[in-house]
Engineer: 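After the structure tokens below, expect a handful of questions from me.
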Protein chains: 2
Amino acid sequence: MKNSTGHDIADALGLLLRRSTRARLYTQLTEGLGEAVDDLTYPILSGLARTGARSAADLGREIGLDRTTVTRRADRLEQVGLLQRQPDPDDGRATLLALTEQGRDIVSVTRERLAAGIESSLATWPQEDAQAFARQLRRFVDEGPFAAEPH
Amino acid sequence: MKNSTGHDIADALGLLLRRSTRARLYTQLTEGLGEAVDDLTYPILSGLARTGARSAADLGREIGLDRTTVTRRADRLEQVGLLQRQPDPDDGRATLLALTEQGRDIVSVTRERLAAGIESSLATWPQEDAQAFARQLRRFVDEGPFAAEPH
DNA sequence: TATTGTTATACTCTATAACTATA
DNA sequence: TATAGTTATAGAGTATAACAATA
């Protein structure tokens with residue numbers, strides 16, 4: 001009866017967070033979707049898909065990026081038609097970043113790819129185990145040592 | 001009975017791999033360990049701790065970095081005494097990168113911090129659940145959609 | 001005053017190329 | 001020839017500072 005659970009999870013996490021692992025995943029998910037979609041611009045697409053149109057400053061605060069960085073990445077997405085800028089009707093200073101239909105499609109495709117890849121790798125698991133794992137992973141991410149401080 | 005397990009895991013993964021999440025984790029783990037230890041140099045320390053002294057080209061191949069990048073990061077670690085360079089007795093061209101005792105200590109500290117943080121967040125889980133989760137996470141990382149191709 | 005979007009600047013990190021030394 | 005380590009260079013991405021416009 002070893003008390004190694006923490007170390008076991010730490011090792012697995014180390015592998016998961018490794019740069020080469022993330023690069024491989026992003027490459028798979030964004031393959032064939034155009035040069036503008038990569039590990040830098042995808043968080044913009046994904047963030048807007050999650051919460052709807054919003055300002056660069058607003059989005060940056062959520063995903064931990066400076067608003068100048070959001071502006072630059074949004075430029076790339078706008079150039080290829082995945083994103084549009086709209087004046088904010090409620091705030092004359094702000095500009096809303098909004099996904100185009102094509103932008104929403106890109107997000108759908110990548111999310112489906114990821115979910116499909118995950119389900120494929122779980123194909124040999126008992127369904128109960130897979131569902132329990134999904135619940136536990138979610139709880140772990142929400143409560144774990146890297147969870148965002150509640151503000 | 002929904003077939004949403006893949007999407008549930010995908011959502012949790014998205015959160016986990018987010019840049020701000022990783023930055024927060026690295027900040028916690030390396031706090032007070034000196035300027036040279038950060039998200040760029042830690043993979044070097046960790047890689048050497050895992051497999052022992054090895055060449056820059058060798059280490060780079062494993063962790064997915066160019067050998068010039070490994071050289072530069074190793075420079076920083078050598079300057080603060082966490083790493084030493086040694087001639088490779090088996091190959092006159094190579095230089096082995098070896099952790100110093102202080103370097104090994106740093107790795108131990110960060111691994112203990114991470115494991116402790118994880119165990120703390122699992123404190124309220126039934127021990128059986130935690131152990132099952134650790135096993136499943138490991139298997140998922142090894143076999144999942146981002147697993148390295150066997151070569 | 002404070003905050004918005006944007007641009008210019010300086011800084012960091014990266015891979016490519018080029019060099020010398022050894023297999 | 002091929003591969004080792006290292007350095008120089010060019011390219012990409014970042015945050016800071018500064019700007020004009022709006023709250």
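Everything numeric here is computed off the predicted structure, so don't read it as measured data. Each chain gets a letter, A, B and so on, in the order the sequences are listed, and its residues count up from 1.
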Engineer: Flag the pair E62(B) and R54(B) as a salt bridge only when some basic side-chain nitrogen lies within less than 4.0 angstrom of an acidic carboxylate oxygen.
Structural biologist: yes
Engineer: In this structure, how many angstroms lie between the C1' atom of dT4(C) and the CZ atom of R54(A), rounded?
Structural biologist: 15 Å
Engineer: Return whichever of D66(A) or R67(B) has its heavy-atom-nearest nucleotide of DNA chain D closer to the 5' end.
Structural biologist: R67(B)
Engineer: Checking all strands, does L40(A) fall into the base, sugar-phosphate, or nothing category for heavy-atom contacts under 4.0 angstrom?
Structural biologist: sugar-phosphate
Engineer: At less than 4.0 Å, is any side-chain N or O atom of R61(A) found next to OP1 or OP2 of dT3(C)? Yes or no.
Structural biologist: no
Engineer: Expressed as a whole number of angstroms, how long is the span from D90(B):CG to dA4(D):P?
Structural biologist: 14 Å
Engineer: Does L29(B) form a side chain to side chain contact (heavy atoms under 4.5 Å, CB included) with Y42(B)? I'd like the steps, not just the answer.
Structural biologist: CA-CA 10 Å; L29(B) 294 185; Y42(B) 188 71; over 6 Å; no
Engineer: Does dT6(C) have OP1 or OP2 sitting under 4.0 Å from an N or O in the side chain of T71(A)?
Structural biologist: yes
Engineer: Grab the two heavy atoms, one from W125(B) and one from Q136(A), that are nearest each other, plus how far apart they are.
Structural biologist: CH2-O, 3.5 Å
Engineer: Side chain of R19(A) only, heavy atoms from C-beta on: which candidate in dG5(D), dA15(C), dT4(C) is closest?
Structural biologist: dA15(C)
Engineer: Can you find a side chain N or O atom of T95(A) that sits less than 4.0 Å from OP1 or OP2 on dT4(C)?
Structural biologist: no
Engineer: Rounded to whole Å, please give me the gap between CG in D58(A) and C1' in dT3(C).
Structural biologist: 12 Å
Engineer: Which sits closer to the 5' end of DNA chain D, R72(A) or D75(B), going by the nucleotide each is nearest to?
Structural biologist: D75(B)
Engineer: Does D66(B) pair with R61(B) as a salt bridge, N-O distance under 4.0 Å?
Structural biologist: no
Engineer: Nearest to the side chain of A94(A) - dA15(C), dT4(C), dA4(D)?
Structural biologist: dT4(C)
Engineer: Mind calculating the distance between CG (L59(A)) and P (dT6(C)) to the nearest angstrom?
Structural biologist: 13 Å
Engineer: May I ask you to say what D88(A) touches in the nucleic acid, namely base, sugar-phosphate or nothing, with a heavy-atom cut-off under 4.0 Å?
Structural biologist: nothing
Engineer: Please give, in whole Å, the distance from dT6(D) C1' to E78(B) CD?
Structural biologist: 12 Å
Engineer: Please compare L65(B) and G92(B) by the position of their nearest nucleotide in DNA chain C and report the one closer to 5'.
Structural biologist: L65(B)
Engineer: Without decimals, in angstroms, what is the distance between D91(A) CG and dA2(C) P?
Structural biologist: 17 Å
Engineer: Return the minimal non-hydrogen interatomic distance between I63(A) and P43(A), and the atom names on each side.
Structural biologist: CD1-O, 4.2 Å
Engineer: Report the distance from atom CG of L96(A) to atom P of dT3(C), rounded to the nearest whole Å.
Structural biologist: 19 Å
Engineer: Do the side-chain N or O atoms of R85(A) get closer than 4.0 angstrom to the phosphate oxygens (OP1, OP2) of dT6(C)?
Structural biologist: yes
Engineer: Tell me: CZ of R93(A) to P of dT6(C), nearest whole Å?
Structural biologist: 14 Å
